[in-house]
Each structure stands twice: as C-alpha cells, then as structure tokens.
**Student:** 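Starting off with a structure, shown below.
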Amino acid sequence: MTALETVKNAIKMENITKRFGSVVANRGINMELREGEILSLLGENGSGKTTLMNMLSGIYFPDEGQIYIHDQPVTIASPKDAFDLGIGMIHQHFKLVDLFTATENIILGLEGKLDRANARKKVQEICDKYGFDIDPDMKIYDMSVSQKQTVEIVKVLYRGADILILDEPTAVLTPQETEKLFAVMRNMKADGKSLIIITHKLHEVLAVSDRVAVLRKGEYIGDVATKDANQQSLTDMMVGRSVSLNIDRPLPVNVEPRVVIDGLTVFDELGVKRLDDVSFSINSGEILGIAGVAGSGQRELLESIAGLYPISSGSVLFTPPEGGEQQQLVGKDPMDIRKAGIAMSFVPEDRLGMGLVGSMGMTGNMMLRSWRKGKGIFLDRKDPEALAQRIWQELEVVTPSTSFPVRRMSGGNVQKVLVGREIAQAPSVLMTAYAVRGLDINTSYTIYNLLTEQKMQGVAVVYVGEDLDVLLELCDRILVLCGGQVSGVVDARTTDKMEVGALMTRMGGGQNNA
Amino acid sequence: MHKQSLFHISKREALPLHKALLIRGGIILLSLVFCGLVTTVLTGENPFSVYGTILDGAFGTSRRLGVTFRNVAILLGISLAVTPAFKMRFWNIGAEGQVLIGCLATTACMILLGDKIPNILVILISLIAALAAGALWGFLPAFFKAKWNTNETLFTLMMNYVATQLSAFFIIVWEVPKGAGKIGIINQTTKAGWLPELGNAYMLPILVAAIMTGVIYIYMQYSKHGYEIAVVGESQRTASYAGIKVDRVIIRTMVLSGALCSLIGFILTSGVDHTLTTTIVDGRGFTAVMVSWMSKFNPFIMIAASLLLVTMDRGATEVSSSLGLNHSFADILTGIILFFIIATEFFITYKVSLRKSGKKEG
C-alpha cells in the first residue's frame with residue numbers, strides 16, 4: 001500500500017490457485033513478501049495458509065499462477081527447488097533424527113564430503129550470529145520442543161536460506177520461548193532475511209511482524225501494516241462479514257439438560273493441561289456449537305465425554321431422556337457407556353483413523369457399532385448389511401458396493417457413511433467434530449439437515465465447527481473455547497461473528513475464567 | 001518448465017478379480033520361463049529336465065508324495081497359526097520358538113510319563129503341556145506390548161533364542177546314550193506317547209492342517225474375535241472408539257497364535273519326528289511369516305503358497321543329487337519365483353504411466 005518503489009520483493013505470488021478435488025484451497029491469490037520484512041500470514045483454520053506456503057516450499061504445485069522469487073519467475077516443483085531458491089520452511093512437525101546430534105541433523109542429506117568439525121564450527125557461528133541457544137553436539141532426544149525447533153531453523157539457515165517460512169511456530173512454545181523466538185526472528189530480519197510467520201494468535205502478529213496478510217476461505221483478503229492494525233481490525237478481516245447460508249433453523253423443542261459437564265480438567269500424555277475447569281451443559285432438542293481456534297481443547301472435550309480420553313478431575317453427568325437415575329460418565333470407556341444403555345453417537349474429527357476402518361466396506365463399518373450383537377461367538381452380518389444398504393440409498397453414497405473399502409471413497413461419501421451410521425444408532429446425544437471439513441456444498445447441507453432433523457427429534461446435538469458463518473446459522477447456542485477454557489457461551493441467534501471471534505482470541509469477556 | 005520424473009505412479013481402481021487372477025497366473029508362468037533361462041545360462045542344463053527333476057523329487061514316488069504333503073501340512077499349519085497375529089499387525093517373528101517350545105514340552109511328557117501311565121493319557125497331557133507352553137511364549141511378548149508398548153519384533157525374536165537354548169539344555173539332560181549330545185528316537189520300542197497313524201505315516205498332520213485351515217478361515221471371517229482382530233490391526237484408535245478392549249485382544253490373539261504354533265510342535269515331535277533337536281523346526285517359523293503375508297492372510301491361498309515352497313525345497317534335494325547341481329540352485333529358483341510374485345502385487349495395486357510433457361504454465 002505504502003510500499004516504497006525501492007523496496008524489492010523477495011516473493012511475489014501472482015494469481016495462485018490450488019484445488020484438491022472439488023475443494024478450492026487457494027483461489028487467485030496475489031501476495032508479496034518484501035525483502036527484509038516479517039510478514040504475518042493470518043487466517044482461521046482451513047483458510048488455506050499452510051497450503052499456500054506449501055506451494056512455496058515445493059510440497060504442492062499450484063494449478064494456476066506464477067511465483068516470482070527476487071523478481072525472477074520460477075517453477076518450484078520439489079522441496080529441493082525451493083532450497084536452491086533460498087526458501088526454507090519450518091514445519092509444525094519436526095523432521096529430525098532423534099539419535100543424531102544437532103550438527104548431524106543439520107548436515108544430513110547435504111552433498112559433498114562429510115566434515116563434522118567444520119560443520120560444527122559453522123553451526124556455532126550461525127548460533128552466535130543470531131542468538132540461537134543450542135549446543136551443536138546435543139542429541140535431539142535430549143532436547144526440548146523449543147530446542148528442536150531451533151535446530152530446524154538453523155538447518156535452513158545453514159543451507160543458505162534467505163527466505164524463511166515458519167508454520168505456526170509458537171503453537172508448541174511457552175510464552176518465554178515465544179519471546180526468545182521473536183528476538184531471533186528480529187535478528188534475522190536485521191541481517192536482511194525475509195520471514196513469513198503463519199499464525200492465528202493476534203497478539204503475536206502485533207508483536208513481531210511488520211505487515212499482516214489475511215486469508216479467508218482460501219482467498220486473499222488484503223494486507224495491512226502492523227502499526228496501522230489492532231486486534232479488532234484484524235479480527236474483522238479474519239472472520240469477515242456474515243454470509244447468509246440459509247440453513248433452516250427451527251426453534252429448539254423440549255430443552256432439558258442431557259449431559260452436564262462440571263469442572264472437567266484433562267492433561268495429555270506430555271502432562272500439558274488440555275482442558276481447564278470446563279463446565280457447561282448439553283441440552284436435548286438443541287444444537288450446541290463449539291467454536292475456537294484449532295487445538296483449543298475441542299478434540300479432548302469430545303473424547304473425554306465419549307470415554308476415550310483420561311479425565312483427571314471433574315464430572316460428566318448424563319440424564320436419561322426417559323427419566324431415571326443420572327449416570328456418571330467419568331471412568332467409563334465406550335463399552336461401559338453402551339452397556340449402561342446410553343445411546344451416545346460420536347462423529348470424530350479423524351474419520352478414517354477413529355470413526356471408520358478404511359480397509360473395510362460399508363457393512364464392515366456398520367458393524368463397528370453392532371459387532372457384539374451376533375449369536376455366541378459369531379458375527380451378525382445381516383443387520384449391518386441392511387443398514388449399509390439403507391444408508392447407501394438414503395444418503396446417496398457413491399460406491400460400487402457395500403463391500404468396497406471406504407478408504408477409496410471420496411471424502412464426502414466417507415462422511416455420509418460415518419454420520420449415517422451414528423444417526424442410525426438412535427442416539428440421545430450426538431457429538432460431531434468438524435463434520436463438514438473438506439466436503440462440498442451439497443454434502444455439507446445434507447449433513448446440516450441431518451443434524452437439524454436429529455435436534456427436532458429431541459437429540460442433544462454437539463457441533464464442533466470452524467466456519468463461524470455455519471455455527472451462527474446452524475446452532476442454537478455456541479460455546480467458545482480458548483486455550484482449554486470456556487471463554488463464553490452465547491446465544492447463536494443474537495450474537496455475531498465479531499463477538500465470537502473476540503471470544504476465540506480472548507478479547508471480550510471472560511478474560512480469565514478462573 | 002515443470003520438472004518432474006518421467007514416470008507417474010498412481011493407485012489403481014480395484015481390478016476385477018478374474019483379471020487380477022489372470023495377471024498372477026501369467027506372472028508365475030513368466031517366472032518359470034525366466035528361471036528356465038537362468039538355468040540354461042548358469043548350468044547348461046535343459047530347464048525342462050531341471051523342472052522335471054524337481055517334480056520328480058517332490059512327487060515321484062508315493063513316499064516322496066507323502067513326505068511332501070506332510071511338509072506342506074506342517075508349513076501350512078504354522079502359517080495359519082501366525083495369521084491372526086499378523087492380521088492384528090502384531091509383528092510376531094517368534095513362531096520358530098513357539099513351535100519349538102511345543103516340541104520341548106511334548107518331549108518332556110513323552111520321556112517323563114512314557115510307559116508310566118496309559119498311552120492315551122501321555123498323549124493328552126503332552127498336548128495340553130505343548131499348548132500351554134506355546135500360549136506362554138505368545139503371552140509374554142503380548143503382555144509387555146499391551147502394558148508397556150515394548151517392541152514385539154525384538155521380544156518375539158529373543159524368545160526364539162530362549163526356546164532354542166532351553167531345548168539344547170534339556171537335550172543334554174535327556175541325551176541317549178550319555179555323551180551322545182542328542183536324544184534320538186524317544187520311546188522307540190514302546191512307542192509311548194506317539195500319536196497313532198491314520199492309515200499311513202503322513203495322514204495325521206495333513207488332516208490337522210486341513211481342519212485348521214477351515215477353522216482359521218471361519219474364525220477370521222465370521223467370528224467376533226476375527227472382527228476385533230481386523231479392527232485392531234487397522235487402527236487401535238478406531239478399536240477403542242468401537243469399544244474393543246485393545247489390550248485384551250492383543251494378549252488373547254497372541255496366546256492363541258502361540259498355542260497353535262505349539263500344536264504344530266506337538267505334532268512334529270509326537271506324530272512325525274518322535275525326537276527333539278534344536279533345529280527340528282528348520283526355519284519354517286520364519287518361512288510361515290512369508291507364506292501368511294504373501295497369501296494376504298487367506299488360508300486357501302496359503303495352501304498353494306506352502307505347496308509351492310515345499311515342492312521347490314523337496315525338489316532341490318533331488319536336483320542336487322541327480323543333476324549334480326548344488327542344493328542352493330533350487331533356492332535361487334525359489335527366490336526368483338517369489339520375487340516375481342511379490343512384484344506382481346505392486347503392479348496390481350498401482351499403475352505406472354509415462355508422464356505426458358509437463359503441464360503448461362499458468
């Protein structure tokens with residue numbers, strides 16, 4: 001906008017489009033990174049940030065468009081091409097050999113004679129120059145997450161990268177480590193390197209970058225100099241104006257608490273707190289939306305309720321729809337829950353890794369819910385087969401047969417099989433995680449309608465979603481998670497995207513939920 | 001310019017079954033032709049006479065025929081035994097030890113109880129002891145895997161050595177005569193603890209393997225256990241989601257797998273060899289792993305795979321004696337055939353196409 005003519009572009013992307021099947025991940029993106037600046041790439045989950053950057057690092061190849069590096073048109077067909085052009089990407093998942101030292105990992109795969117002593121010296125020089133705090137001789141398995149990340153950064157610098165892309169580098173860091181990383185990033189910038197940092201944490205954007213570029217639903221919304229931006233203006237750009245989707249939303253019926261969660265706290269296997277004193281209730285006859293940036297505890301929350309995640313404290317009380325005694329779900333595994341006569345359906349985020357068996361057909365997957373029902377030691381195949389046939393027809397699943405491996409179906413059909421099966425259990429609670437992720441518009445509406453139908457039948461429906469427009473039009477109430485805490489519960493009919501967006505990043509209300 | 005490799009490898013749509021079978025049959029023929037070429041080039045022998053000798057060695061006389069089918073039965077039995085574990089993606093390479101420990105338990109019963117109690121009881125107790133020993137050999141790695149996620153490949157491999165050394169120890173304890181370093185035929189005169197023959201010396205193992213084939217097929221395809229094993233093998237998270245107790249399935253399946261292996265061990269010692277040596281299993285515990293995987297865990301294909309391997313092995317002996325070729329030569333041919341068969345799977349699953357010139361730039 002106010003770019004001086006003398007500033008050169010390190011990267012210029014012109015009209016870049018990338019599709020995955022029928023889903024457009026990036027549409028006609030025009031964006032540049034200037035030499036010697038730190039650019040924040042901001043966007044909600046699924047807005048296409050990582051896809052766009054993967055095209056710079058040679059992991060994906062754009063369907064349309066042209067990339068210029070230092071004003072030269074280039075073709076980046078492989079990660080090696082990207083390296084040769086001086087582009088280095090630091091991924092969220094580290095690619096290091098645990099048994100090797102930092103230096104060995106850094107020179108791994110480089111051509112030429114192996115000269116450890118020299119390499120070690122050069123690594124040390126880079127560390128001293130930018131203020132990295134690692135020991136070149138330390139083994140990776142002795143390192144903290146932050147040190148591993150440092151090795152990744154030194155690795156790309158060692159290979160002569162002058163453009164660095166960091167994919168959500170702060171997601172795994174403590175605030176102190178984040179500060180250290182930012183200091184190093186500023187040192188690199190002072191040395192003339194150009195950096196892109198992918199993030200959805202607004203305060204970090206404001207703290208470290210010179211300019212912010214915003215993506216939304218695969219499109220480039222615009223850019224703004226960081227000094228002219230604040231959290232509110234960035235949130236507005238990120239979530240955008242409400243789009244009318246015309247999802248049919250009848251009023252809730254017979255609302256009564258079905259599952260009451262109180263003070264739920266869980267830790268992951270590394271001892272990190274994933275849910276912190278979460279309390280709310282899931283009601284029958286309504287759809288409860290759960291919003292939040294990725295990794296705010298959505299997965300842990302649903303899995304805890306479903307008996308798949310170890311709960312460290314708190315209570316999950318289920319009230320049977322037909323009346324009767326309340327049941328404590330904490331301490332029950334999925335089989336205990338079913339044996340207690342609780343019809344709880346769960347559409348997990350990881351469809352093929354948790355909800356379905358990829359190598360089996362529709363029938364085999366129907367049996368995941370009914371495999372215990374056969375006589376004696378034998379399986380009953382008849383009922384699952386009939387159910388598979390019914391779902392095949394009613395939901396118009398595209399598959400050659402009910403024994404065709406679901407792994408080979410398209411994403412939308414896989415989800416129809418999963419949702420179809422879960423609804424067929426006649427649930428009293430139906431939890432869904434990212435139920436329409438990666439699906440085309442038509443299938444998405446099919447899913448919305450199915451969920452609304454369930455709600456009208458008195459089912460307590462939970463919808464974890466990432467698209468705020470959908471959450472606002474589909475749900476009756478929205479619970480917002482932020483960093484494992486509940487930052488607010490709002491009425492979906494009266495709230496707006498700004499309010500929810502603010503809660504997601506903890507601007508408005510509930511600053512501290514303690 | 002869009003630089004990309006010349007070939008493009010992509011997953012195929014599922015081939016119709018008859019087409020896939022046709023390809024497999026063609027490949028086996030092709031491998032035989034190739035083996036013929038190799039034979040002529042390396043040895044100057046007429047390939048047909050080599051094949052003829054192999055077949056003669058395997059099936060030429062009724063005795064050879066019997067031994068071949070009995071060996072097929074033993075290999076098939078072990079292959080069936082390891083199948084549930086592999087279907088569960090539990091990398092059990094300890095079949096060798098699980099069979100051997102069954103042999104050892106049987107030997108112990110035969111030596112210690114033979115002629116002291118009625119023969120039928122000796123056999124029954126031998127069977128139970130063998131099954132228990134194999135079950136234990138399967139239980140240990142599974143328990144550690146389920147509780148502490150130890151590496152089952154290393155664990156089961158080590159259990160092989162434990163079984164071998166235990167056998168070596170007891171062979172010395174029971175050696176006949178003292179100082180011989182071997183046991184020899186156990187209860188040769190009284191035949192105490194020997195399994196009765198059914199018609200001839202070969203029938204019993206064949207019958208057991210045939211029954212096992214049917215039982216394992218039904219167990220894997222139609223039982224709840226089989227379904228649990230398939231789900232656990234595909235994804236433990238999916239299994240937990242479906243309410244399957246993963247730890248329990250792992251332990252139960254390995255106990256079963258180990259016990260079936262030692263059932264074959266029981267038959268080897270009590271019904272076939274009537275002795276114990278440290279090499280009585282003769283690597284078949286490892287060959288069985290290959291048979292099971294190559295057959296994609298289908299018991300009926302395992303029959304064919306076992307037959308192929310045993311035929312080649314039996315023929316090799318004949319080739320080495322009558323044509324004066326080294327015993328290893330038939331092994332080379334077996335290797336070539338296996339290589340062809342395994343490579344075929346790649347071409348059935350994937351399709352390789354030449355790249356058209358790079359996509360035009362946007």
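All chains are named by letter (A, B, ...) in the order of the sequence lines, taking the proteins before the strands, and each is independently numbered beginning at 1.
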**Student:** Does a side-chain heavy-atom distance below 4.5 Å link A/Met367 with B/Val231?
**Tutor:**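 SC-SC contact between A/Met367 and B/Val231 ruled out.
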
**Student:** Counting only N and O atoms by type, is there a donor-acceptor contact under 3.5 Å from the side chain of B/Tyr241 to the main-chain atoms of A/Ala306?
**Tutor:**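 No; judged by distance alone, with no hydrogens or angles, the pair does not exist.
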
**Student:** So which residue, A/Glu303, A/Met360, A/Lys339, ends up with the most heavy-atom pairs under 4.5 Å with chain B?
**Tutor:**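 Ranked by contacts with chain B, first place is A/Met360.
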
**Student:** For chain A, find its close neighbours in residues 223-230 of chain B: heavy-atom separation under 4.5 Å, sorted by number, or none.
**Tutor:**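 Those residues of residues 223-230 of chain B which have a heavy atom under 4.5 Å from chain A are B/Ser223, B/Lys224, B/Tyr227, B/Glu228, B/Ala230.
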
**Student:** So, using side chain to side chain contact (heavy atoms under 4.5 Å, CB included) as the criterion, who are the partners of A/Ile59 when residues are at least two apart?
**Tutor:**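 If we apply the side chain to side chain contact (heavy atoms under 4.5 Å, CB included) test to A/Ile59, skipping adjacent residues, the hits are A/Asn54, A/Ser57, A/His91.
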
**Student:** Evaluate A/Ile377 against B/Tyr219 for side chain to side chain contact (heavy atoms under 4.5 Å, CB included), listing each step before the verdict.
**Tutor:** CA-CA 9 Å; A/Ile377 65 160; B/Tyr219 182 73; 5.8 Å; no

**Student:** Side chain, backbone, both or neither: which part of A/Leu356 has a non-hydrogen atom closer than 4.5 Å to chain B?
**Tutor:**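 Only the backbone of A/Leu356 comes within 4.5 Å of chain B.
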
**Student:** Is it true that atom CZ of A/Arg27 has more than 12 heavy atoms of other residues, nucleotides or ligands lying nearer than 6.0 Å?
**Tutor:**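 Open: at most 12 neighbouring heavy atoms sit under 6.0 Å from CZ of A/Arg27.
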
**Student:** Using non-hydrogen atoms and a 4.5 Å limit, figure out which bit of B/Ser235 sits close to chain A: side chain, backbone, both or neither.
**Tutor:**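 For B/Ser235, side-chain heavy atoms alone lie under 4.5 Å from chain A.
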
**Student:** Please find the pair of heavy atoms, one from B/Ser240 and one from A/Pro334, that lie closest to each other, and give the distance.
**Tutor:**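 Nearest pair, atom of B/Ser240 first, then A/Pro334: O-CG, 3.2 Å.
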
**Student:** Is a side-chain donor or acceptor of A/Trp371 paired with a backbone partner of B/Ile244 at a separation under 3.5 angstrom?
**Tutor:**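 It does not hold such a pair.
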
**Student:** With a sphere of 6.0 Å drawn around OH of B/Tyr222, does it hold more than 12 non-hydrogen atoms of other residues, nucleotides or ligands?
**Tutor:**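 No, OH of B/Tyr222 has 12 or fewer neighbouring heavy atoms, counting only those of other groups under 6.0 Å.
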
**Student:** Checking A/Leu352 against chain B: side chain, backbone, both or neither under 4.5 Å from a heavy atom?
**Tutor:**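 Just its backbone gets close to chain B.
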
**Student:** Step by step, would you call A/Leu308 with B/Arg237 a side chain to side chain contact (heavy atoms under 4.5 Å, CB included)?
**Tutor:** CA-CA 9 Å; A/Leu308 289 162; B/Arg237 276 165 56 81; over 6 Å; no

**Student:** Count the heavy-atom pairs under 4.5 Å between each of A/Pro348, A/Pro405, A/Gly307 and chain B, then report the option with the highest count.
**Tutor:**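 Sorted descending by pairs with chain B, the first entry is A/Pro348.
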
**Student:** Where do B/Glu234 and A/Gly358 come nearest, in terms of heavy atoms and distance?
**Tutor:**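 In this case the closest contact between B/Glu234 and A/Gly358 is OE2-N, 3.8 Å.
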
**Student:** Non-hydrogen atoms of chain B under 4.5 Å away: do they reach the side chain of A/Arg372, the backbone, both or neither?
**Tutor:**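 Backbone only.
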
